[in-house]
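Please read these numbers as outputs of a predicted model, since none were measured by experiment. To find a chain, count down the sequence lines: A is the first, B the second, and so on, and within it residues start at 1.
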There are 2 protein chains.
Amino acid sequence: MARTGANVQTDVDRILEAIVYLYTESRRVTKESARAHGLTGPQVTALKILEGFGTLSLSELGARMSAKSSTVTGLVDRMERDGLVRRRRSPDDRRVIHLEPTPAGAALAASIPVTAMEVFQGALTSLSKDDRAELTRILSILAERVRVEIDRRENLGD
Amino acid sequence: MARTGANVQTDVDRILEAIVYLYTESRRVTKESARAHGLTGPQVTALKILEGFGTLSLSELGARMSAKSSTVTGLVDRMERDGLVRRRRSPDDRRVIHLEPTPAGAALAASIPVTAMEVFQGALTSLSKDDRAELTRILSILAERVRVEIDRRENLGD
DNA sequence: CGTCAAAGCTTCGCGTGCTAACTATCCGCT
DNA sequence: AGCGGATAGTTAGCACGCGAAGCTTTGACG
């Protein structure tokens, strides 16, 4: 274990801790902003995605939100209940359900600024330009590596 | 809006997306590892923290897990039900409840490798040493800035 | 000494989020 | 045509996770 030295583990810990913190806070901030409009965080996320695409299937929405289909079902149930979106069965493929915002949902989406992450924007702009670019670059690499690693494991494990 | 230019928003988006992805995956991996021992992710986290400290109050545990007290209550309820920890009222301050792992809980904690984040270790060690150091440095700054920004907002808002 | 705000936990209600199991539909292959 | 696996959604059951409201205990302050 720890072939590469103990300080790697320290970095892992620090990075993980920072990521967890940043994620938690980003969700909290989003939630707070959503709340001001009578919505929840995921609902705003979904509405904003729909606003961009107009119509999406449940699975497409789920993919863009990194959520499983059963989660999306529940989310959409509540959004439909609250008159934000409408389900419509696809004529092409009867398994598929298309989702579109209602006028009310669309209006609400438009009224919510994308600045749910103002806090991050503030923090990120306070970084130097170089640091920001570096962060983007390295995080992208990291995400890609993790993706690959997970794929590898799944193909081994099963 | 976007006083500082559109490419900042792009960076924010990319960084946020990467963070969400990494967080989601880290939780998934942790959960999977926990599952193999019949536990949930947060339960492992709590046990591991308790393993390090021996005894903690509920609020101290909550602080270390970034969880609210009502969340901790439920988590500890289930862990107590499953014989992993024990609640004990503090003699000094009768509001406080001390938490300690049962022998079974302690044994379980010891048997679970900290390597729930093996995937990350793999990905991170595949980064160059410099990139890893850079990432740690920048993320730390970012987390600190966000912390400050949030404090600032809370003192303004209220 | 009494009051009263604050701290520590719990309870309740709600909204995620996941896995497992199930239904309906589609599609490839024979 | 029809079998059989894959795909899209739903349902059920569980564990978080949070905010609001409530309880007990503490400690500060008049």
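Using five terminal pairs a side, the axes of the helix from dC1(C)-dG30(D) to dT30(C)-dA1(D) at its two ends make an angle of 10°, given in steps of 10 degrees.
What you find for V44(B) and A34(B) is that their closest heavy atoms are CG2-CB, 3.3 Å. Contact between G62(A) and V72(A) at its shortest, heavy atoms only, is CA-CG2, 3.5 Å. Among all heavy-atom pairs drawn from V76(B) and L58(B), the shortest one is CG2-CD2, 3.9 Å. Residues I138(B) and E134(A) approach most closely at CD1-CB, 3.7 Å, considering heavy atoms. Considering all non-hydrogen atoms of both residues, P101(A) and G54(A) come closest at CD-O, 3.3 Å.
The distance between atom CD of E80(B) and atom C1' of dC9(C), rounded to the nearest whole Å, is 13 Å. When rounded to the nearest whole Å, the span between CZ of R81(A) and C1' of dG15(C) equals 9 Å.
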ask   = Stepwise, does the salt bridge (charged side-chain N to carboxylate O under 4.0 Å, His left out) test hold for R35(B) with E32(B)?
value = CA-CA 5 Å; R35(B) 211 185 147 92; E32(B) 228 166 66; over 6 Å; no
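Between R35(A) and dC14(C) there is no side-chain polar atom (N or O) within less than 4.0 angstrom of OP1 or OP2. OP1 and OP2 of dA7(C) both lie 4.0 Å or more from every side-chain N or O belonging to S59(B). Close to dC14(D), at under 4.0 Å from its OP1 or OP2, lies no side-chain N or O of T40(B).
A continuous path of Ile, Leu, Val, Met, Phe, Trp and Tyr side chains, each step under 4.5 Å between heavy atoms, connects M65(B) with I112(B), placing both in one hydrophobic cluster. Linking ILVMFWY residues whenever their side-chain heavy atoms come closer than 4.5 Å, directly or via other members, leaves V85(A) and V96(A) in distinct clusters.
Annotation: proximity of residues 87-99 of chain A to DNA chain D (heavy atom, distance under 4.0 Å) is found for R87(A), R95(A), V96(A), I97(A), numbered in ascending order. In the region residues 66-76 of chain B, proximity to DNA chain D at under 4.0 angstrom, judged on heavy atoms, holds for S66(B), A67(B), K68(B), S70(B), T71(B), L75(B).
A salt bridge between R137(B) and D130(B) is absent, with no side-chain N of the basic residue lying under 4.0 Å from a carboxylate O of the acidic one.
Checking R86(B) against T102(B) by side-chain atom types alone, no donor-acceptor pair falls below 3.5 Å.
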